[in-house]
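Predicted model only: the values in this text are computed from it and were never measured.
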Amino acid sequence: IPDFGHKYYLQFSTEDYRTGENTGSCLATVLYPRKKSPPVVSIKCSHTKDQNEIQEEDNRLYQRIRQQTKPITGSNIPDSYGNIEPALEPAWALAVAGSSSIMWEKSTEDVGYFLAQVKSVKQWMRKDDFIEFDYTVLLHEMPTQEMISCHMRLTWLPGRPLKVKHFCASQTPGLKEGSGLGSGSAAGLSEERGDSF
């Protein structure tokens, strides 16, 4: 669009990240303005997976995490051979979902990201029904091939949106960039964990 930016029309399918099963198809338009502002996205999806089945899977994941008697902790997920310990699969599943919001926020028309590895994860034991994790994740930046380290705090309760707050290491030493107070951020998170985030 002359003097404004580029508009893209996309058609794509979605898949279950664990099984590779097709879960639906989407049509989207994405407008990248020339000025440094977020893209304008319009998306419509049809799902091949039943919503009740998705909710049941969420509940199974949630119950698996809640039944832990000790907080989940781990590092280097997956390991250098691509393996994930079964006990760490719930933490990995949430890392995939949470990091996608970081990748969405950081991606531009020319730069994209993929979750490469969870460097560390620690679960916080809460008194309410929410589950909460702190992560350090490595995002693979394309096309630069750089690895970007991000700290992510994630809270979740089935049936509610995942809340993610993050800080990522900048390419410029000493500078940090992070989530703001916009939609999808966890700006209202409890600060009972301290101000070290």
Between [X] and [Y], what is the shortest heavy-atom contact and its length?
X     : Y      : value
Gly24 : Thr48  : N-OG1, 3.4 Å
Pro39 : Pro33  : CA-CD, 4.3 Å
Lys7  : Thr29  : CE-CB, 4.1 Å
Lys70 : Gln123 : O-OE1, 4.3 Å

With a 4.5 Å cut-off on side-chain heavy atoms, are [Y] and [X] touching?
X      : Y      : value
Leu94  : Leu162 : yes
Leu27  : Phe12  : no
Ile102 : Tyr113 : no
Gln63  : Arg60  : no
Lys163 : Leu154 : no
Leu139 : Ser99  : yes
Phe133 : Val118 : no
Asp58  : Trp156 : yes

From [X] [atom1] over to [Y] [atom2], what is the distance, rounded to the nearest 0.5 angstrom?
X      : Y      : atom1 : atom2 : result
Glu146 : Ile148 : CD    : CD1   : 5.5 Å
Asn59  : Leu61  : CG    : CG    : 9.5 Å
Leu157 : Glu132 : CG    : CD    : 12.5 Å
Tyr62  : Gln55  : OH    : CD    : 13.0 Å
Gln68  : Thr73  : CD    : OG1   : 10.0 Å

### Evaluation steps, side chain to side chain contact (heavy atoms under 4.5 Å, CB included), between Thr136 and Cys150
CA-CA 6 Å; Thr136 300; Cys150 296; over 6 Å; no
#### Entry: Evaluation steps, side chain to side chain contact (heavy atoms under 4.5 Å, CB included), between Lys106 and Cys168
CA-CA 10 Å; Lys106 289 181 66 61; Cys168 294; 3.9 Å; yes
### Query
Could you walk me through whether Met147 and Ser149 pass the side chain to side chain contact (heavy atoms under 4.5 Å, CB included) check?
CA-CA 7 Å; Met147 292 299 228; Ser149 177; over 6 Å; no
### Query
Picking from His166, His151, Lys119, Met152, what satisfies side chain to side chain contact (heavy atoms under 4.5 Å, CB included) with Tyr135?
Met152
### Message
A cation-pi test, strictly: NZ or CZ of Lys122 under 6.0 Å from the centre of the six-membered ring of Trp124 and no more than 45 degrees from its axis. Yes or no?
### Response
yes
Quick check on [X]: does its [atom1] atom have over 12 non-hydrogen neighbours (other residues, nucleotides or ligands) under 6.0 Å away?
X      : atom1 : answer
Gln145 : CD    : yes
Glu85  : CD    : no
Arg160 : CZ    : no

### Query
Is there a donor-acceptor contact under 3.5 Å linking the side chains of Ser25 and Ser46?
yes
Connected via hydrophobic side-chain network under 4.5 Å: [X] and [Y]:
X      : Y      : answer
Val137 : Val111 : yes
Ile65  : Ile54  : no
Ile43  : Tyr9   : no
Met142 : Met103 : no
Ile77  : Leu138 : no

### Query
Run the side chain to side chain contact (heavy atoms under 4.5 Å, CB included) check on Asp110 and Tyr32 step by step: do they pass?
CA-CA 10 Å; Asp110 302 314; Tyr32 285 100; over 6 Å; no
Does the [X] side chain pair with the main chain of [Y], one donor and one acceptor, at a distance under 3.5 Å?
X      : Y      : answer
Ser101 : Gly98  : yes
Glu15  : Asn22  : no
Asp16  : Gly20  : no
His140 : Leu115 : no
Gln117 : Pro78  : yes

### Message
Applying salt bridge (charged side-chain N to carboxylate O under 4.0 Å, His left out) to Arg153 and Asp134, what does each step give before you reach the verdict?
### Response
CA-CA 5 Å; Arg153 179 171 289 166; Asp134 272 336; 3.0 Å; yes
